[in-house]
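To start, the structure under review is shown below, and the notes come after it.
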Amino acid sequence: MPKKCIIIGDPVEHSLSPAMHNAGYKFLGLEDRFVFTKRRVTKNNLQDAIKELKDDEFYGITVTTPHKVEIIKYLDKIDPIAKKIGAVNTILNKNGELTGYNTDWLGTTNPIKELTSLKNKKVALIGAGGASRAIAFGLLKEGSSLKIFNRTIQKAEQLSNKLASVYNQDRLIEFSDLSNLEEVESFDIVINSTSLGMLPNTDQTPLPKKYLNSEQIVFEAIYNPHETKFVKEAREVGCRVIFGYEMLLHQGLAQFEIYTNRNAPKEVMKEALLNNLYK
Ligand code: NAP
């Protein structure tokens with residue numbers, strides 16, 4: 001019997017995780033040992049769904065919106081970094097004992113680390129919503145300093161306070177609204193974690209092009225469209241660019257390794273992801 005893995009969330013029908021993970025299993029000859037499916041689980045049904053998945057001996061449980069925080073109360077153990085972030089996207093079920101992990105932060109730090117070290121880098125994070133949280137934790141964990149720019153300054157402040165409480169204020173964490181984005185010019189890495197530029201609003205961008213320069217690395221969280229206006233302008237300026245799909249891919253690669261204990265086949269999983277995202 002293969003070990004069963006599954007993604008739960010609402011909505012989940014367009015999830016790319018099954019295609020990505022199953023392609024990885026196949027490439028490594030693990031398709032008889034692992035299988036990855038998906039199931040819609042609503043907010044009201046989370047507790048029952050977790051019990052069912054345990055009873056049915058699901059081994060790996062990938063958790064997506066809206067359950068990443070709520071799921072924590074149904075776990076037996078939590079990995080220290082997932083605990084710091086306060087969100088779980090990956091669960092291992094070992095003989096009925098559920099341990100929660102978070103790989104979302106690796107979706108940001110790993111692709112950046114392919115280009116440069118994050119130690120002592122100045123990062124401008126534009127956005128302070130759900131995705132920003134794991135991104136920000138990852139950057140601080142890797143030794144960057146951070147300034148969060150967000151339309152609603154209270155949300156930037158809340159995130160900043162939460163980060164400061166976890167990192168004991170030993171890293172520089174600042175916040176601002178969007179009124180002084182010109183400051184971004186002096187940052188090493190610029191991240192968009194707002195929804196500005198996401199389909200169908202592809203003419204939007206979080207930052208005027210004039211505040212970008214060719215020394216910067218630009219990271220986009222949005223994966224639809226493939227190339228946002230922000231990414232297009234950053235490439236025109238000469239920045240090194242990380243696309244939104246890379247964040248999805250890298251959190252998935254890290255998760256694959258937790259489920260299988262094998263190195264994830266990056267190129268195969270990337271191809272499966274891209275074929276399903278942009279076909
Ligand atoms: P969210 O919690 O709804 O946060 C949305 C963010 O965008 C907030 O900071 C919000 O600012 C800002 N925003 C929205 N409309 C704006 C506007 N008109 N002007 C200025 N700021 C605006 O969403 P999320 O879950 O963090 O997702 C954010 C983006 O990341 C989405 O495009 C999502 O698809 C993408 N994402 C990608 C991945 C990946 O793996 N690549 C993973 C997760 C999310 P306020 O606080 O002021 O509302």
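Note that the numbering runs from 1 along the sequence shown for the chain. Order of appearance sets the numbers: ligands from 1, and atoms from 1 within every ligand. Here the structure is a predicted model, which means the values were calculated and not measured.
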Rounded distance (nearest 0.5 Å) linking atom CG of Asn102 with atom CD of Gln255: 9.5 Å
Interatomic distance, Lys113 atom NZ to Glu142 atom CD [nearest 0.5 angstrom]: 3.5 Å
Cation-pi check, Lys4 onto Phe58 ring (under 6.0 Å, within 45° of axis):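 Yes, Lys4 lies over the aromatic ring of Phe58.
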Are any of the N/O atoms in [X] less than 3.5 Å from those in ligand 1?
X	answer
Ile222	no
Tyr223	no
Ala221	yes
Met198	no
Ser132	no
Leu196	no

Name the closest protein heavy atom to [atom], giving the residue it belongs to and the distance to 0.1 Å.
atom	result
atom 2 (O) of ligand 1	Gly130 N, 2.8 Å
atom 42 (C) of ligand 1	Met247 CE, 3.9 Å
atom 26 (O) of ligand 1	Ala131 N, 2.8 Å
atom 29 (C) of ligand 1	Thr194 O, 3.5 Å

Relative to ligand 1, is [X] under 4.0 angstrom through side chain, backbone, both or neither, heavy atoms considered?
X	value
Arg151	both
Ser193	backbone
Ala128	backbone

Sub-6.0 Å ring centroid separation between Tyr25 and Phe34: yes
Which ligand 1 atoms does [X] reach within 4.0 Å, using its non-hydrogen atoms?
X	answer
Gly127	9 (O)
Ser195	7 (O), 14 (C), 15 (N), 32 (O)
Gly244	41 (N)

Within 6.0 angstrom of Glu236 CD, more than 12 heavy atoms from elsewhere: yes
Neighbour count above 12 (heavy atom, 6.0 Å) for Glu185 CD: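 Atom CD in Glu185 is crowded, with more than 12 foreign heavy atoms closer than 6.0 Å.
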Heavy atom of protein closer than 4.0 angstrom to atom 4 (O) of ligand 1: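 Yes, there is a protein heavy atom closer to it than 4.0 Å.
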Under-4.0 Å salt bridge between Lys68 and Asp104: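 Yes, this pair counts.
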Ion pair Lys147/Glu183, N-O distance below 4.0 Å: yes
Short side-chain donor-acceptor distance under 3.5 Å, Asn161 and Gln158: no
Proximity winner for atom 47 (O) of ligand 1, if only heavy atoms of Thr152, Thr65, Ile135, Thr108 are counted: Thr152
Per atom 11 (O) of ligand 1, closest listed option by heavy atom (Leu199, Asn224, Asn150, Ile153): Asn150
Within one Ile-Leu-Val-Met-Phe-Trp-Tyr cluster: Leu118 and Leu125, side-chain cutoff 4.5 Å: yes
Side chain to side chain, Asp177 and Asn150, heavy atoms closer than 4.5 Å: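 Result no, sub-4.5 Å side-chain heavy-atom pair not found.
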Tyr259 and Phe36 aromatic ring geometry - parallel, tilted or perpendicular at 30°/60° bounds: tilted
